[in-house]
There are 2 protein chains.
Amino acid sequence: MTASDTSFDRDTSAGYLVNHMARLFARELEAGLKPLGIGIGMFPALLQLWEKDGRTQRELVTALDIEQPTLANTLTRMEKKGLITRKPDPEDGRAQRIHLTDRGRALQAEAEARATAVNTRALSGFSESEKDRFLKDIGRVIDAMKAPT
Amino acid sequence: MTASDTSFDRDTSAGYLVNHMARLFARELEAGLKPLGIGIGMFPALLQLWEKDGRTQRELVTALDIEQPTLANTLTRMEKKGLITRKPDPEDGRAQRIHLTDRGRALQAEAEARATAVNTRALSGFSESEKDRFLKDIGRVIDAMKAPT
DNA sequence: TGTAATTGCATAGCACGCTATATGAGTGCT
DNA sequence: AGCACTCATATAGCGTGCTATGCAATTACA
């Protein structure tokens, strides 16, 4: 028996491959967004706010499927960068409503273009139908993993 | 024009979906490995060492496609946990050879079983052929992104 | 109404990825 | 031999994810 007889096969491990792919996406998106002063953690939050401004942290946490402290920290960095402001919710003394600044709004077109460029390069070898199928497959995995154990 | 007319579609953004999927994998693998005292960053390094022990940091960095300081930090944590030792390379005074401890070796079967369980759950809705195709597609994306721009 | 449970957010602290930079050992060239 | 260059590793510092925990505001209910 050789060492490889007992070894886990990385090339057929979904988790291993997914992690590698995600790091490659993150590296490229980070490089694309850096000149705009946006970090990769801020981008999903910005997408939500560009779609609908003035949400609470709770609403964003649910939409993004990240933990609340993760978002709280990200929002603090975004506030320091001048992308958003936090305003007390007039109807709930516990809540903060998150609003884009003019600067935050102004970055939408350029940031989305750069993210699209990364996606395009990643799927450059895929036909339209292959791309659709691949994205649907990812959706199936996400659904399977979000289902209760 | 409504807000959504100008918004990026998250459900068809490969990067967005890949990031989400990778976080779900990471959460589950972390939960599975935590009782073994292994972090998710250590697991890929362990896979390499289980396959072939006594490699240099440089060799591991290349195999794992992570940056050298990332691995150096991970190895330091693994050393503190008693999973590996660093021994000076007798032939190159700059290099360290990384060796598994008995404890590091002993964790292989259980850790691989837990990682396999995560993969199985993630792809539970896939037929064998769908699974093969999906993993190949991920490989295609990885290749596309690793290609020089 | 008053107390307990829940909810929204912040903070502390850690893992793991990254870039930038330092240091010491090998290599190569004159 | 001496000097510059490259290579292997370490360290500093930061972003983004996580869990655990604390606090203040709201809600629920006896």
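Letters A, B, ... are given to chains in the order of the sequence lines, protein chains preceding strands, and every chain is numbered from 1. Note that this is a predicted model, so its numbers are computed, not measured.
- Residue pairs meeting the salt bridge (Lys or Arg N to Asp or Glu O under 4.0 Å) criterion with at least one member in residues 33-42 of chain B: none, sequence neighbours excluded.
- Residues A/Arg97 and A/Arg27 both approach DNA chain C. Their nearest nucleotides, taken by heavy-atom distance, put A/Arg97 toward the 5′ side.
- Under 3.5 Å, the side chains of A/Ser124 and A/Arg121 contain no donor-acceptor pair of N or O atoms.
- Contact footprint of chain A on DNA chain C: nucleotides with an atom under 4.0 Å from a non-hydrogen protein atom, first to last in 5' to 3' order, C/dT7 to C/dC18.
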What does the list of N/O pairs under 3.5 Å between the protein and nucleotides 4-7 of chain D look like, with a distance for each?
| unit_1 | atom_1 | unit_2 | atom_2 | d |
| --- | --- | --- | --- | --- |
| D/dC7 | O4' | B/Arg94 | NH1 | 3.3 |
| D/dC7 | O2 | B/Arg94 | NH1 | 3.2 |

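- For the ring-ring contact (aromatic ring centres under 6.0 Å, His included) test, no residue two or more places apart in sequence or in another chain qualifies with A/Phe25.
- Non-hydrogen atoms lying under 4.0 Å from DNA chain C are contributed by nothing in residues 28-41 of chain A.
- A salt bridge does not link A/Asp143 to A/Lys146: none of the charged nitrogens lies less than 4.0 Å from a carboxylate oxygen.
- Applying the ring-ring contact (aromatic ring centres under 6.0 Å, His included) test to every pair with at least one member in residues 110-137 of chain B, sequence neighbours left out, gives these pairs: A/Phe134-B/Phe134, B/Phe126-B/Phe134.
- Salt bridge annotation for B/Asp53-B/Arg97: absent, with no cationic side-chain nitrogen under 4.0 angstrom from a carboxylate oxygen.
- At a non-hydrogen distance threshold of 4.0 Å, B/Ile66, B/Glu67, B/Pro69, B/Thr70 from residues 60-70 of chain B come into contact with DNA chain C.
- B/Arg86 comes within contact range of the sugar-phosphate backbone alone, with a heavy-atom separation under 4.0 Å but no base atom that close.
- Using modelled atom types and a 3.5 Å distance limit, the side chains of B/Ser129 and B/Arg133 yield no donor-acceptor pair.
- Residue pairs that meet the ring-ring contact (aromatic ring centres under 6.0 Å, His included) test with at least one member in residues 56-81 of chain B, sequence neighbours left out, do not exist here.
- Using a cut-off of 4.0 Å between Lys/Arg side-chain N and Asp/Glu carboxylate O, A/Asp65 and B/Arg27 are scored as salt-bridged.
- Contact annotation: the side chain of A/Leu83 never approaches that of A/Leu100 to less than 4.5 Å [non-hydrogen atoms, C-beta and beyond].
- Residues that satisfy the side chain to side chain contact (heavy atoms under 4.5 Å, CB included) test with A/Leu17, not counting sequence neighbours, are B/Leu135, B/Ile138, B/Ile142.
- Protein atom CD of B/Glu91 is 14 Å distant from nucleotide atom P of D/dA8, rounded to whole Å.
- For B/Lys87, the side chain to side chain contact (heavy atoms under 4.5 Å, CB included) criterion is met by B/Thr85, B/His99, not counting sequence neighbours.
- Applying a 4.0 Å cut-off to non-hydrogen atoms, the residues of residues 75-85 of chain A that approach DNA chain D are A/Arg77, listed by residue number.
- The stretch residues 13-25 of chain B has no heavy atom under 4.0 Å from DNA chain C, so no residue of it qualifies as close.
- The main-chain N or O of A/Glu112 is found under 3.5 Å from a side-chain atom of A/Thr116 such that the two form a donor-acceptor pair.
- We find that B/Arg94 and B/Asp89 are not joined by a salt bridge, their nearest charged nitrogen and carboxylate oxygen being 4.0 Å or further apart.
- Inter-residue side-chain proximity for A/Arg10 and B/Leu47 is flagged as met; some heavy-atom pair is nearer than 4.5 Å.
- Checking side-chain atoms of B/Trp50 against main-chain N and O of A/Phe8 turns up no donor-acceptor pair under 3.5 Å.
- Inspection of the B/Arg77 and B/Asn73 side chains reveals no N or O donor paired with an N or O acceptor under 3.5 Å.
- Going from atom CG of A/Leu71 over to atom P of D/dG15 covers 16 Å, rounded to whole Å.
- Residues B/Asp137 and B/Arg140 are paired through a salt bridge, judged by an N-O separation under 4.0 Å between the basic side chain and the carboxylate.
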